[in-house]
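Protein chains get the first letters and strands the later ones, always in sequence-line order, with residue 1 at the start of each.
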Number of protein chains: 2
Amino acid sequence: MTPRSNANDKSGLLQYVLEAMKRAQPYDRETALDAAMTLFWTKGYHATSLKDLEGALNMKPGSIYAAFSSKEALFSAALERYFQQTKEVFRSMHRDTDSPLGALADYLRSIARDADTDPDCQACMLIKTILNATTEDAAIAEQARHYLDQIRDEIATAFDRAIASGELPADIDTNHLARRYQANISALKIEAHRGTGRNELAALADEAAGDVERLRVRQ
Amino acid sequence: MTPRSNANDKSGLLQYVLEAMKRAQPYDRETALDAAMTLFWTKGYHATSLKDLEGALNMKPGSIYAAFSSKEALFSAALERYFQQTKEVFRSMHRDTDSPLGALADYLRSIARDADTDPDCQACMLIKTILNATTEDAAIAEQARHYLDQIRDEIATAFDRAIASGELPADIDTNHLARRYQANISALKIEAHRGTGRNELAALADEAAGDVERLRVRQ
DNA sequence: TACATATTTGAGTGATCGCTCAATAACATT
DNA sequence: AATGTTATTGAGCGATCACTCAAATATGTA
């Protein structure tokens, strides 16, 4: 509430008095959570302060605590949001496909494509959280680990679909394939985060995608 | 300097007076740096406080600043130490080998072996630093990135040696191989950090190692 | 031994941290 | 319109942060 400096000082002072403690528009929970997710994803839990969150959410301390209880609870909610969105993106790329292996390969290529259009692209929030967490906040690391496991199950389900559609032999270990595939996703996202060049990143993604496609049995 | 509570109060009070501001043994710089590296590697830059460092280094604030100038400069020195040690380990595994490809494959397997013996094994400090850094501490991320690039060069040199020894064809792209190899190291170390089971981790490492060995030209 | 120099301590600084709560504004009910 | 209820503000709290600096201790020199 800064006093206005303008030609008409009396009008400015009156305006200043009228605006003191003007209550904001009520916040929108989804909008706030989305902003928190973006901020936490970029800065991590420890380096993100309440003041940062005030700015990003356009909310004051009392409102943030009324809505989300604590910094850690807000982080946890943001992490869940990230997980749900990631799962939904993965699923949407595998809906309506008649080639599960093709879709899995294309998802890897999409990582390089997405990094190409986003200069500040960040590695996976779940991985960052696990690597970043300390023993004092082991709960959020555990939550992130749990979400990563669930995403790996989604991947294994996609490989199972490739078996059902005849692309893979019935005796292949889809859990192992999913684990390897997820490790490749992590690696690609870290390379993107690190600023690896577009051609190099695309080559890595193509190679990983080729590994997936070469699993296809001859028809 | 806590007063001693014991049967002989006069003797305890005298001991308390005699011990006030007793100066410590001078610190050993290498020992302090090693302790700082271990602490920063585990907790990361942001979540590590000066109080943590006091405990780990067994030094008081004034000494820490006299020796290392600032928290950031200490982190930077610890990061360099980590880089030098990592480079030395990699080199020592490639010294005196007549199969560079074999040594590269075995290094990947060693990641799973090392994780098996260390329950609190951490992902690569350089990767953690890059993922953890914010714009306010971009300098340490840049330093870590630079070290990662140098390690990738070491890897490319090992692949060059495989060409020179006849294991690889002369026209293969060793820079690309090195980049992929380093991405695989990152992925394996993250799986280890995440607590992936010993058999699964060993399977991932063996598979990555097998990929390296299959590059070998027929002789 | 006396004095000079170097090193370490740890109390204290100003700033920032996560969070609380009384005051105020906005909304709902009668 | 008056009253009651709900939601938001933001000053301020106690704690912690990175760091400083005068005092004290240890080491070196003449």
Side-chain angles (χ1 to χ4, degrees), chain A residues 1-3 15-33 35-36 39-40 43-78 132-137 139-140, chain B residues 1-3 15-33 35-36 39-40 43-78 132-137 139-140:
Chain A
M1 303 299 117
T2 314
Q15 192 72 2
Y16 167 55
V17 171
L18 286 177
E19 288 193 348
M21 193 153 178
K22 186 84 170 208
R23 216 170 91 168
Q25 290 265 68
Y27 67 93
D28 175 67
R29 186 178 173 90
E30 296 302 309
T31 302
L33 262 182
L39 181 63
F40 278 131
K43 291 197 86 168
Y45 178 69
H46 293 293
T48 301
S49 67
L50 249 289
K51 200 159 197 62
D52 294 330
L53 286 163
E54 282 180 49
L57 276 61
N58 198 26
M59 286 166 73
K60 301 301 183 179
S63 296
I64 295 174
Y65 286 96
F68 301 110
S69 300
S70 68
K71 182 184 172 186
E72 183 166 341
L74 175 55
F75 187 86
S76 176
N132 211 6
T134 66
T135 51
E136 286 81 40
D137 34 84
I140 59 172
Chain B
M1 304 297 116
T2 313
Q15 192 71 5
Y16 167 54
V17 170
L18 286 178
E19 287 191 350
M21 192 151 176
K22 185 87 168 197
R23 214 172 94 166
Q25 290 264 70
Y27 67 92
D28 175 67
R29 185 176 174 92
E30 295 303 308
T31 302
L33 262 181
L39 181 63
F40 277 131
K43 291 197 85 168
Y45 179 69
H46 292 293
T48 301
S49 66
L50 249 290
K51 197 156 197 66
D52 295 330
L53 286 163
E54 281 180 49
L57 276 62
N58 199 27
M59 285 164 75
K60 301 300 183 182
S63 296
I64 295 174
Y65 286 97
F68 301 110
S69 302
S70 68
K71 182 184 170 186
E72 184 167 341
L74 176 54
F75 187 87
S76 177
N132 211 6
T134 65
T135 52
E136 285 80 41
D137 35 83
I140 59 173

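- The OH-C1' distance, from Y45(B) to dC17(D), rounds to 12 Å in whole Å.
- Rounding to whole angstrom units, CD1 of residue I64(B) and C1' of dT7(C) are separated by 14 Å.
- Between the T48(B) side chain and the G44(B) main chain, a donor and an acceptor come within less than 3.5 Å of each other.
- Side chains of T134(B) and E136(B): a donor-acceptor N/O pair is present below 3.5 angstrom, by distance only.
- Defined by atom type and a distance below 3.5 Å, a donor-acceptor pair is present between the side-chain atoms of H46(A) and D137(A).
- Listed nucleotides dC19(D), dC19(C), dT8(D) differ in distance to Y27(A); the shortest reach to its side chain belongs to dT8(D).
- Spacing between atom CG of L50(B) and atom C1' of dT20(D) amounts to 12 Å, rounded to whole angstrom units.
- Atoms CG (L57(B)) and P (dT8(C)) sit 12 Å apart, rounded to a whole Å.
- The separation between Q25(B) atom CD and dT9(C) atom P is 11 Å, rounded to whole Å.
- Residue-to-nucleotide proximity on DNA chain C shows that, of S63(A) and K51(A), the 5′-proximal contact is made by K51(A).
- E72(B) has its CD atom 18 Å from the P atom of dC17(D), to the nearest Å.
- What you find for F40(B) and A78(B) is that their closest heavy atoms are CD1-CB, 4.1 Å.
- Here K60(B) reaches the OP1 or OP2 of dG10(C): one of its side-chain N or O atoms lies under 4.0 Å away.
- For dG18(C), one of the phosphate oxygens OP1 or OP2 lies less than 4.0 angstrom from a side-chain nitrogen or oxygen of K71(A).
- Using a 4.0 Å heavy-atom cutoff across all strands shown, P61(A) reaches at least one base atom of the nucleic acid.
- As rounded to whole Å, 12 Å separates atom P of dT8(D) from atom CZ of R29(A).
- In this structure, CG on L50(B) lies 8.5 Å from CG on L74(B), to the nearest 0.5 angstrom.
- Residue whose closest nucleotide on DNA chain C sits further toward the 5' end, between G62(A) and T48(A): T48(A).
- If you take CE of M59(B) and P of dC19(D), they are 14 Å apart, rounded to a whole angstrom.
- For the pair N58(A) and H46(B), both in contact range of DNA chain D, the more 5′-proximal nearest nucleotide belongs to N58(A).
- The base of dT8(C) lies outside donor-acceptor range of the side chain of R23(B), with no N or O pair under 3.5 Å.
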